[in-house]
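Fair warning: this is a prediction, and the values are worked out from it, not measured in the lab.
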Amino acid sequence: MTYELPELPYAADALAPVMSAETFEYHHGKHHAAYVDNANKLMEGSGFEGKPIEEVIRGSFVSNPGLFNNVAQHYNHSFFWNCMTPNGGGAAPEALQSRIDADFGGMDGFRTAFVQGGVTQFGSGWVWLVLKNNRLEIMKTPNAENPLVHDAHPLLVCDVWEHAYYIDYRNARPKFLEAFVDKLINWEFVEAQLQAAG
Ligand code: MN3
């Protein structure tokens, strides 16, 4: 078996009430698990066996959409769980904050741009903070797409598929995105991605 469903980096009820245990039961336990199962089935005989996940994602994007969708969704969800922490949000570490100040004019500017990116992603997809051409940018992607196929380094992501927020926020995607920024973001993880990308 190539891929395995990762354990959540916190208890399933640790982010409640911002993100409930019931949401994790379905989102991690059913949706993410299904992407892992499908990725493993589609990997067999694909020619991508044994390759690093980033290479599978970049290599299959055009040539093998079925494999791409499931492997990229496994990558995106694993990344998403790590972007959140109990009592998250608030201030970013100093090095990251200075980049946010330079490229968004401060944390309020980042918050507005990130929420707007997620709100305006029409249909299913993701909103990301990425490093591209040595600048921080907001990137929105449809379905399973991610920054790896757009020559960018992912630093932070929020899932804006309806399954990510419908249990806790019903149709209120903006409220979900605001709560994610204000209360869930694990800025230490985002900072570590910036250092690794730099
Ligand atoms: Mn999802």
Side-chain angles (χ1 to χ4, degrees), residues 5-39 65-66 68-92 100 104 106-130 136-147 150 154-190 193:
L5 182 66
E7 295 273 335
L8 291 170
Y10 30 72
D13 62 358
L15 305 189
V18 189
M19 190 174 286
S20 66
E22 187 184 359
T23 285
F24 278 112
E25 181 187 336
Y26 285 89
H27 199 179
H28 176 260
K30 310 279 187 201
H31 290 277
H32 189 172
Y35 295 128
V36 170
D37 287 347
N38 287 328
F68 171 82
N69 284 337
N70 286 282
V71 175
Q73 283 293 75
H74 170 46
Y75 176 95
N76 296 349
H77 283 91
S78 302
F79 199 91
F80 178 49
W81 311 137
N82 283 318
C83 286
M84 300 185 285
T85 190
N87 305 310
I100 289 172
F104 296 103
M107 189 57 89
D108 286 351
F110 159 77
R111 181 183 189 271
T112 300
F114 190 84
V115 169
Q116 183 68 6
V119 168
T120 57
Q121 168 51 42
F122 186 76
S124 296
W126 302 81
V127 59
W128 306 80
L129 175 68
V130 303
L136 299 187
E137 284 181 20
I138 304 300
M139 177 180 285
K140 48 187 181 176
T141 59
N143 302 316
E145 268 185 48
N146 69 37
H150 298 291
L155 305 179
L156 168 71
V157 73
C158 186
D159 189 338
V160 296
W161 285 57
E162 286 185 347
H163 65 226
Y165 58 87
Y166 228 81
I167 290 171
D168 298 321
Y169 298 86
R170 297 301 172 192
N171 62 322
R173 191 191 287 190
K175 285 204 176 352
F176 164 60
L177 283 156
E178 288 164 6
F180 174 85
V181 172
D182 295 342
K183 296 176 180 166
L184 294 183
I185 291 179
N186 181 349
W187 286 115
E188 309 294 329
F189 176 79
V190 180
Q193 306 315 302

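- For Trp81, the side-chain hydrogen bond (donor to acceptor under 3.5 Å, both in side chains) criterion is met by His32, not counting sequence neighbours.
- Screening His74, His77, His163 for a ring-ring contact (aromatic ring centres under 6.0 Å, His included) involving His31 leaves a single residue, His163.
- Relative ring orientation between Phe110 and Phe104 is described as perpendicular, the plane-to-plane angle rising above 60° on a 0-90° scale split at 30° and 60°.
- Sorted by first then second residue, the salt bridge (Lys or Arg N to Asp or Glu O under 4.0 Å) pairs that include residues 110-130, not counting sequence neighbours, are Arg111-Asp182.
- Residues satisfying the ring pair (Phe, Tyr, Trp, His ring centres under 6.0 Å) test with Tyr10, not counting sequence neighbours, are Phe24.
- Side-chain contact between Glu188 and Thr85: absent, with no pair of heavy atoms (C-beta onward) separated by less than 4.5 Å.
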Given Gln193 and Leu156, is the side-chain contact (heavy atoms from CB on, under 4.5 Å) satisfied, shown in steps? CA-CA 8 Å; Gln193 306 315 302; Leu156 168 71; over 6 Å; no
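- Of all heavy-atom pairs spanning Ala144 and Ala72, the tightest one is O-CB, 3.4 Å.
- Looking at every heavy atom in both residues, Tyr165 comes nearest to Arg173 through OH-NE, 3.1 Å.
- Inspection of the Gln73 and Asn76 side chains reveals an N or O donor paired with an N or O acceptor under 3.5 Å.
- Counting heavy atoms from C-beta on, the side chains of Trp126 and Cys158 never come closer than 4.5 Å.
- Residues forming a side-chain hydrogen bond (donor to acceptor under 3.5 Å, both in side chains) with Asn82 (at least two apart in sequence, or on another chain): none.
- Remark: Tyr75 engages no residue in a side-chain hydrogen bond (donor to acceptor under 3.5 Å, both in side chains) (not counting sequence neighbours).
- Residues in residues 136-145 take part in these side chain to side chain donor-acceptor pair (under 3.5 Å) pairs, two or more places apart or across chains: Thr120-Lys140, Trp128-Thr141, Glu145-His150.
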